[in-house]
Amino acid sequence: MSDPQPVYLSDYQPPAYRVTHTELTFDLDPAATRVKARLLMERHPQADANAPLVLNGEHLKLISLAIDATSVDASAYALDDEGLRIAQVPERFVLESEVEIAPQDNTALEGLYQSNGMYCTQCEAEGFRRITFYPDRPDVMATFKVTVIGNQQHEPILLANGNPIERGELDGGRHFVTWEDPHPKPCYLFALVAGNLHSVEDHFTTMSGRNVTLQIWVEKENLDKTEHAMASLKRAMEWDEQAYGREYDLDLFMIVAVNDFNMGAMENKGLNIFNSAAVLTHPQTATDTAFQNVEGIVAHEYFHNWSGNRVTCRDWFQLSLKEGFTVFRDQCFSADTNSAPVKRIQDVSFFRTAQFAEDAGPTAHPIRPDHFIEITNFYTLTIYEKGAEVVRMIRNLVGEENFRRGSDLYFERFDGQAVTIEDFVGCMAEISGEDFSQFMRWYSQAGTPDIDAHGEYDYVHGEYHLTLRQRTPATPGQPDKLPLHIPVRMGLVGTKSGQDLTLTLNGEKIGKDAVIHLRDDEQTFVFTDVAEAPVPSLLREFSAPVKLHYPYSREDLAFLLTHDSDGFNRWDAGQRLALLALDDLIAAHRNGVEKVMDSRVVDAFKALLSGPMSDKAVLAEMLTLPSEAYIAEQQPIVDVDAIHAAREFVRQSLAVALRDEFLAIYEANVTEQQYAPTPEQIAQRSLKNVALSYLMSIEDEQGLALCEAQFSSDHNMTDVRQALTLLVHSDRDDLASPALKAFGEKWAHDPLVMDQWFTVQVSRPQADVLERVKYLMQHPAFSLKNPNRVRALVGAFAQNRVNFHRLDGQGYQLLADVVIELNRLNPEIAARLITPLTRWQRFDETRQALMRSELERIKQQPLSSNVYEVVEKALA
Ligand code: PHE
Ligand code: ZN
């Protein structure tokens with residue numbers, strides 16, 4: 001077998017034939033579903049009259065094929081395992097085919113598959129070719145009419161995109177429903193669901209007064225877990241009208257929850273399909289974080305109705321066109337509905353940990369890649385989150401008003417079309433008159449730019465000289481980088497006044513908080529009329545996705561922590577201060593020297609705890625130390641044990657020094673209020689739970705008692721899960737074991753709660769974790785076929801820094817074993833699971849060798865193209 005080959009952006013050709021209308025009939029059966037397709041097709045006006053018709057098709061058994069009602073002779077077409085090729089076709093024709101597929105055997109969860117006995121589909125990116133022969137590419141857009149035939153008992157509910165137009169009974173206990181979707185769409189947005197489902201229903205009146213029926217379809221026992229998703233949906237619909245002028249365009253909007261799903265959720269037209277974890281919530285089963293995720297994902301999928309569906313992507317290289325923009329939209333929505341500063345802090349904190357690591361590793365790729373082997377490997381943090389950061393920069397460059405006008409123009413001009421990133425940026429350029437030519441490099445250059453900043457205050461002339469130097473490190477296939485256009489939002493905080501100083505640049509007053517533009521490799525900005533020595537506050541609100549290095553002293557950071565007018569940078573100053581202290585402690589640990597806690601960190605925390613407590617949510621973030629993963633990102637060579645030890649030392653030192661303060665915070669934030677996922681309550685709980693985690697880090701007697709009480713009070717999952725985690729991660733197995741047992745028995749019937757039970761156990765720092773993972777993989781609630789279970793158990797274990805990176809290599813071995821098995825069952829999930837092994841360059845030589853040898857072992861297997869592509873890059 002030859003190695004899988006990449007496709008290239010530069011090879012793009014418009015399709016020779018397009019489909020204008022698609023009619024499908026599904027006769028459902030677990031082992032032998034029949035799919036009939038009737039496609040109205042026509043040749044592209046520019047295409048050669050002799051162009052062959054090439055249709056994608058995989059894992060399909062062809063039953064019959066006809067053009068204009070005449071059966072196509074077997075000698076007139078060529079069939080292989082990628083599709084069908086017909087040498088000669090008319091200019092316009094009707095193509096009819098019938099194929100057979102086996103949903104019950106589909107463990108890849110792409111195409112038509114079964115989940116808990118129900119049928120569902122997943123077609124993005126290239127799953128439709130597992131359903132019927134079709135030009136499976138996003139620039140072929142057709143109207144769809146779909147008839148679904150199923151068993152009345154097993155599949156009382158038959159759903160597809162659009163509106164139901166006909167239904168009826170058939171012989172043999174079967175029935176059908178026909179659906180029509182009037183909006184032309186690419187086939188990746190097709191969806192079908194059939195099963196024994198129940199719905200909650202609500203309504204939304206759009207801005208032009210149209211009444212839309214909203215339905216959430218779930219298994220019966222989950223009907224009480226839909227309220228929050230429904231409320232989120234209505235908020236999202238209203239928000240998109242106000243923020244973007246976008247109105248919903250069908251009479252019906254459906255969400256379906258399925259248990260087996262590779263990703264979070266999918267924006268199929270009018271019929272969004274959700275991983276049950278991304279839609280179901282209940283105070284007793286879901287944490288605040290889960291509630292907020294559901295809100296964000298419901299909104300994200302809904303927003304795709306315009307950014308993705310009405311205006312779609314020309315080809316999959318443009319994926320960030322819809323994903324980056326839609327993530328940006330959902331981030332803004334969540335910021336508007338919750339605490340905006342906390343949303344930004346959480347997003348950036350995640351981004352700097354996970355996307356920076358991706359950008360620095362062997363799979364680094366630009367927001368618009370120029371080639372790929374397997375598109376499912378490109379649903380990445382770079383395409384999604386860095387894509388969103390780039391859209392955010394565009395909004396900040398053109399201003400909010402122009403951004404809205406630019407997006408209006410984009411939606412209006414390209415409605416019903418499949419377009420490119422240039423089309424999007426072009427609208428912004430046209431409206432604002434800004435020049436985006438240098439900015440476009442953000443889309444084609446991979447890697448995270450490093451910015452070295454250096455500032456000097458000139459007392460004599462009252463000037464402040466700020467020099468910024470940018471450099472983007474080489475990434476695979478891109479050795480040389482060009483300078484980017486980097487907007488740096490900043491202020492100068494006066495050390496005497498503690499206030500932002502007015503900025504005068506090139507003789508012009510530009511305000512107290514302004515954006516300067518770095519375009520060259522190096523630039524010096526000279527601020528005049530600077531009356532007092534300032535501390536610079538740079539990259540406010542994380543105005544560009546870069547690593548900013550400035551030689552701040554600890555005094556500078558303590559000052560910014562209390563004086564910076566930008567909430568984000570206040571938080572970041574705290575993180576930087578903690579990182580400096582952690583650096584010393586990591587070094588001390590490595591050198592076997594006694595660890596000494598930096599009193600400035602203690603003082604800073606004390607000030608936070610005793611200061612005015614206006615925003616509890618922000619305070620909870622400020623009291624949270626950088627994660628081990630983020631600390632690791634800052635180290636040249638990751639020493640997992642030293643990082644863990646240093647961070648624990650800081651936690652415990654703070655807990656000892658500020659024990660009474662933490663206790664007071666805890667007690668002040670206990671409430672008997674009925675659970676609600678409101679920003680106020682979430683803030684209180686997170687503050688209380690941060691305090692508890694400090695107390696538990698020193699196994700404080702009172703803290704232990706509070707923790708146990710919080711666990712048994714069983715008030716809501718946020719508190720229960722935090723208490724359980726703290727018990728299980730402590731050394732008090734006498735308390736942890738009964739709690740785990742009680743929890744596991746209570747929730748044995750609920751897979752989403754059992755996922756949390758798995759994760760809590762396999763993320764503890766104690767050395768017995770590897771054995772636990774092996775043991776839990778045999779647990780009846782675990783299955784390798786379910787992506788959520790795999791992520792909760794094996795994925796979570798691979799995030800457990802001290803245990804996954806055991807020096808005997810057994811952690812790596814376990815992961816590789818699972819990858820090898822999953823490669824056969826679900827290549828997409830297998831390829832994602834390898835990620836931690838691909839980061840081998842970051843570790844010491846011993847671990848490097850162990851990780852590489854597991855990658856080599858995987859490589860010896862017969863591999864799916866998904867896993868092949870990742871392993872190949874990781875070992876290159
Ligand atoms: N398009 C989906 C989203 O981000 C993600 C997805 C991709 C889901 C591929 C399934 C398969 O909203
Ligand atoms: Zn999306």
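One N or O on the side chain of R570 and one on the backbone of D564 form a donor-acceptor pair closer than 3.5 Å. Within the 3.5 Å criterion, the main-chain N or O of F291 finds a donor-acceptor partner in the side chain of H228. The main-chain N or O of L223 is found under 3.5 Å from a side-chain atom of T226 such that the two form a donor-acceptor pair. With hydrogens and angles ignored, the 3.5 Å screen pairs a side-chain donor or acceptor of Q634 with a backbone N or O of Y630. Between the side chain of R659 and the main chain of D700, no donor-acceptor pair closer than 3.5 Å is present. Panel note: side chain D556, backbone S553; a donor-acceptor pair is recorded below 3.5 Å. For the pair S763 (side chain) and T759 (backbone), a donor-acceptor distance under 3.5 Å is present. Put simply, the side chain of N222 never gets that close to the backbone of K225: no donor and acceptor are under 3.5 Å apart. Checking side-chain atoms of Q756 against main-chain N and O of T287 turns up no donor-acceptor pair under 3.5 Å. Using a distance-only test at 3.5 Å, with no hydrogens or angles considered, no donor-acceptor pair links the side chain of Y694 to the main chain of N689.
Inspection of the N803 and Q766 side chains reveals no N or O donor paired with an N or O acceptor under 3.5 Å. Donor-acceptor pairing under 3.5 Å is recorded for the side chains of H644 and E628. S693 and Q722 are not linked by any side-chain donor-acceptor pair at a separation below 3.5 angstrom, with hydrogens and angles left out of the test. With 3.5 Å as the limit, one finds a donor-acceptor pair spanning the side chains of R540 and S537. Side chains of Q710 and Y666: a donor on one and an acceptor on the other come within 3.5 Å. Under 3.5 Å, the side chains of D288 and Q681 contain no donor-acceptor pair of N or O atoms. For the residue pair R392/Q331, the side-chain donor-acceptor check at 3.5 Å is satisfied.
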Q | salt bridge (Lys or Arg N to Asp or Glu O under 4.0 Å) between R344 and E389, worked out | A | CA-CA 11 Å; R344 189 67 185 142; E389 291 302 319; 2.8 Å; yes

Q.
Between L726 and F711, is the side chain to side chain contact (heavy atoms under 4.5 Å, CB included) condition met? List the steps.
A. CA-CA 10 Å; L726 294 173; F711 178 77; over 6 Å; no

Q: Verify side chain to side chain contact (heavy atoms under 4.5 Å, CB included) between V690 and I665, making sure each step is shown before the conclusion.
A: CA-CA 9 Å; V690 171; I665 289 263; over 6 Å; no

Q: Begin from the C-alpha positions of L381 and F350 and carry the test side chain to side chain contact (heavy atoms under 4.5 Å, CB included) through to its verdict.
A: CA-CA 10 Å; L381 297 167; F350 170 64; 3.6 Å; yes

**Q.** side chain to side chain contact (heavy atoms under 4.5 Å, CB included) evaluation trace for L501 with K512
**A.** CA-CA 6 Å; L501 309 174; K512 295 186 171 182; over 6 Å; no

(Q) Does D240 form a salt bridge (Lys or Arg N to Asp or Glu O under 4.0 Å) with R329? I'd like the steps, not just the answer. (A) CA-CA 9 Å; D240 212 17; R329 278 151 55 67; 2.8 Å; yes

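Counting heavy atoms from C-beta on, the side chains of P545 and F351 come closer than 4.5 Å. Looking at E708 and L704, their side chains never come closer than 4.5 Å, going by heavy atoms from C-beta outward. Put simply, the side chain of M230 reaches to within 4.5 Å of the side chain of L214, judged on heavy atoms. For the pair F605/L658, a side-chain contact is recorded, criterion being any heavy-atom separation below 4.5 Å from C-beta on. Inter-residue side-chain proximity for R685 and N716 is flagged as met; some heavy-atom pair is nearer than 4.5 Å. Under the 4.5 Å side-chain criterion, counting only non-hydrogen atoms from C-beta, P751 is not in contact with N788. Side-chain contact between E295 and T337 is present, with heavy atoms from C-beta onward closer than 4.5 Å. Annotation: side chain of R554 is not in contact with side chain of V601 (no heavy-atom distance under 4.5 Å).
One finds the NE2 atom of H563 at 8.5 Å from the OG atom of S497 (value rounded to the nearest 0.5 Å). Going from atom CD1 of I643 over to atom CG of L582 covers 9.0 Å, rounded to the nearest 0.5 Å. To the nearest 0.5 Å, atom CD of residue Q346 and atom OG of residue S334 are 10.0 Å apart. Distance check, rounded to the nearest 0.5 Å: SG of C707 to CE of M696 gives 4.0 Å. Considering CD of Q761 and CG of L740, their distance stands at 4.5 Å, rounded to 0.5 Å. From K616, atom NZ reaches atom CG of N669 across 4.0 Å, with rounding to the nearest 0.5 Å.
A salt bridge does not link K386 with E358: none of the charged nitrogens is closer than 4.0 Å to a carboxylate oxygen. A salt bridge links R352 and D572; the closest N-O separation between the charged side-chain nitrogens and carboxylate oxygens is under 4.0 Å. Between D733 and R764, at least one side-chain N (NZ, or NE/NH1/NH2) sits under 4.0 Å from a carboxylate O, which counts as a salt bridge. A salt bridge links K741 to E745: one of the charged nitrogens lies within less than 4.0 Å of a carboxylate oxygen. Between D719 and K688 there is a salt bridge, with a side-chain nitrogen of the basic residue lying less than 4.0 Å from a carboxylate oxygen of the acidic one. A salt bridge does not link E771 with K774: none of the charged nitrogens is closer than 4.0 Å to a carboxylate oxygen. With salt bridges taken as basic N to acidic carboxylate O contacts below 4.0 Å, none links R801 and D641. A salt bridge is defined here as a Lys NZ or Arg NE, NH1 or NH2 lying under 4.0 Å from an Asp or Glu carboxylate O, and E541 with R489 meets this definition.
When all heavy atoms of L557 and A573 are compared, the closest pair comes out as O-CB, 3.7 Å. Taking both residues in full, the closest heavy atoms of I345 and F568 are given as CG1-CD1, 4.0 Å, listed atom of the first, atom of the second, then distance. Summarising the geometry of G703 relative to L692, their closest heavy-atom pair is O-CD1, 3.8 Å, with the distance given to 0.1 Å. The nearest pair of heavy atoms linking M263 to Y384 is CE-OH, 4.4 Å. When all heavy atoms are compared, the tightest approach of I631 to P626 is CD1-O, 3.5 Å. Shown here for L776 and W757, the closest heavy-atom pair between the two residues is CD2-CZ3, 3.8 Å.
Outside the 6.0 Å centre-distance limit, the rings of F328 and F303 are not counted as a close aromatic pair.
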Identify every side-chain donor-acceptor pair in residues 276-286 under 3.5 Å, counting partners at least two apart or on other chains, and give the distances.
{"from": "S276", "atom 1": "OG", "to": "N259", "atom 2": "OD1", "distance (Å)": "3.3"}
{"from": "H282", "atom 1": "ND1", "to": "Q284", "atom 2": "N", "distance (Å)": "3.0"}
{"from": "Q284", "atom 1": "NE2", "to": "D714", "atom 2": "O", "distance (Å)": "3.4"}
{"from": "T285", "atom 1": "OG1", "to": "H282", "atom 2": "O", "distance (Å)": "3.4"}

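Using cut-offs of 30° and 60° for the angle between ring planes, the F356 and F542 rings count as tilted. By the 30° and 60° cut-offs, the orientation of the rings of F797 relative to F804 is perpendicular.
For Q674, the CD atom is loosely surrounded, since the number of other residues' heavy atoms within 6.0 Å does not exceed 12.
Residues satisfying the salt bridge (Lys or Arg N to Asp or Glu O under 4.0 Å) test with K547, not counting sequence neighbours, are none.
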